[in-house]
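Worksheet: the structure to be examined is printed underneath.
We count residues from 1, following the sequence as given.
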Amino acid sequence: MSSSIDSSVKITKPFSSDTDKEKEGLLQDADLYRDKLETQWSGLKQEATSYGKQALVIGGVVATTFIVMNALLPKGKKKKEILVEPVEPVEKKVAKIKSQSVVGQAVQSLAWTLAVGWARQKLKHIIDDERKTE
């Protein structure tokens, strides 16, 4: 992509009786432009391949993180029926449920923080490795 295209146009005589020379000149110009386009196209293909690999790695890291987090973290809150027992007042049960949900939220928050940090480090290492190979 760094090579510039020579867009100059040769101005020849308006009409010449030697069309074979003009034809050869035009064929040479066409070959020159074809070669330049092919080198640019190969550069574009290499860049697209590189970016495609990076996108696949990033997508894989995100998908893996999502799958691991779904496997490790508890599922969404399920409605639980609270049975009122005559021995224990209702207020104590509500306090237990609230404390359990607070602990669950803290564990979930910690797990998400660790997973995102891990994914960020992996992504950072992959990007650094890609930059070193280029």
Side-chain angles (χ1 to χ4, degrees):
M1 293 280 311
S2 63
S3 64
S4 63
I5 298 176
D6 182 19
S7 63
S8 63
V9 178
K10 288 196 278 183
I11 299 176
T12 59
K13 296 178 186 177
F15 179 74
S16 172
S17 61
D18 193 8
T19 57
D20 291 332
K21 283 185 181 178
E22 287 182 21
K23 183 178 178 181
E24 287 177 18
L26 290 174
L27 289 174
Q28 288 175 352
D29 289 343
D31 288 337
L32 175 73
Y33 287 121
R34 184 180 300 117
D35 290 340
K36 287 182 179 182
L37 285 173
E38 286 176 359
T39 53
Q40 284 183 347
W41 180 248
S42 66
L44 286 173
K45 281 197 253 182
Q46 290 172 351
E47 287 179 8
T49 303
S50 172
Y51 290 134
K53 287 179 183 177
Q54 288 177 356
L56 285 175
V57 169
I58 291 169
V61 168
V62 169
T64 303
T65 304
F66 178 76
I67 290 170
V68 169
M69 295 308 297
N70 278 341
L72 295 179
L73 294 178
K75 302 295 180 211
K77 294 182 180 179
K78 295 181 182 177
K79 294 182 181 180
K80 296 182 180 179
E81 292 183 25
I82 301 174
L83 300 175
V84 179
E85 296 176 8
V87 177
E88 191 174 356
V90 176
E91 294 173 4
K92 288 184 180 179
K93 281 195 170 194
V94 172
K96 282 184 183 178
I97 291 172
K98 285 183 180 179
S99 67
Q100 288 174 353
S101 67
V102 170
V103 171
Q105 288 174 353
V107 169
Q108 184 178 10
S109 175
L110 180 62
W112 272 108
T113 302
L114 292 173
V116 169
W118 174 79
R120 183 181 60 83
Q121 288 292 7
K122 289 292 182 185
L123 187 59
K124 183 179 173 184
H125 291 304
I126 290 169
I127 291 172
D128 288 342
D129 290 342
E130 280 292 321
R131 287 183 180 164
K132 287 178 185 176
T133 58
E134 290 176 355

Using 0.5 Å steps for rounding, measure from the CG atom of L56 to the OH atom of Y51. 15.0 Å
Below 4.5 Å, heavy atoms only, C-beta onward: do D128 and K124 meet side chain to side chain? yes
Salt bridge (Lys or Arg N to Asp or Glu O under 4.0 Å) partners of D31, counting only residues at least two apart: R34
So, taking the atom named NE2 in H125 and the one named CZ in R120, what distance separates them when rounded to the nearest 0.5 Å? 9.0 Å
Partners meeting side-chain contact (heavy atoms from CB on, under 4.5 Å) with L72 (sequence neighbours left out): V68
Separation between CG (L44) and OG1 (T49), nearest 0.5 Å, reads 10.5 Å
Is any side-chain heavy atom of T65 closer than 4.5 Å to a side-chain heavy atom of V61? yes
State the CD-OG1 distance between Q108 and T113, to the nearest 0.5 angstrom. 10.5 Å
Can you tell if the side chain of L37 reaches within under 4.5 Å of the side chain of Q40, non-hydrogen atoms only? yes
Considering non-hydrogen atoms only, spot the tightest contact between M69 and A115 and give its length. SD-CB, 3.0 Å
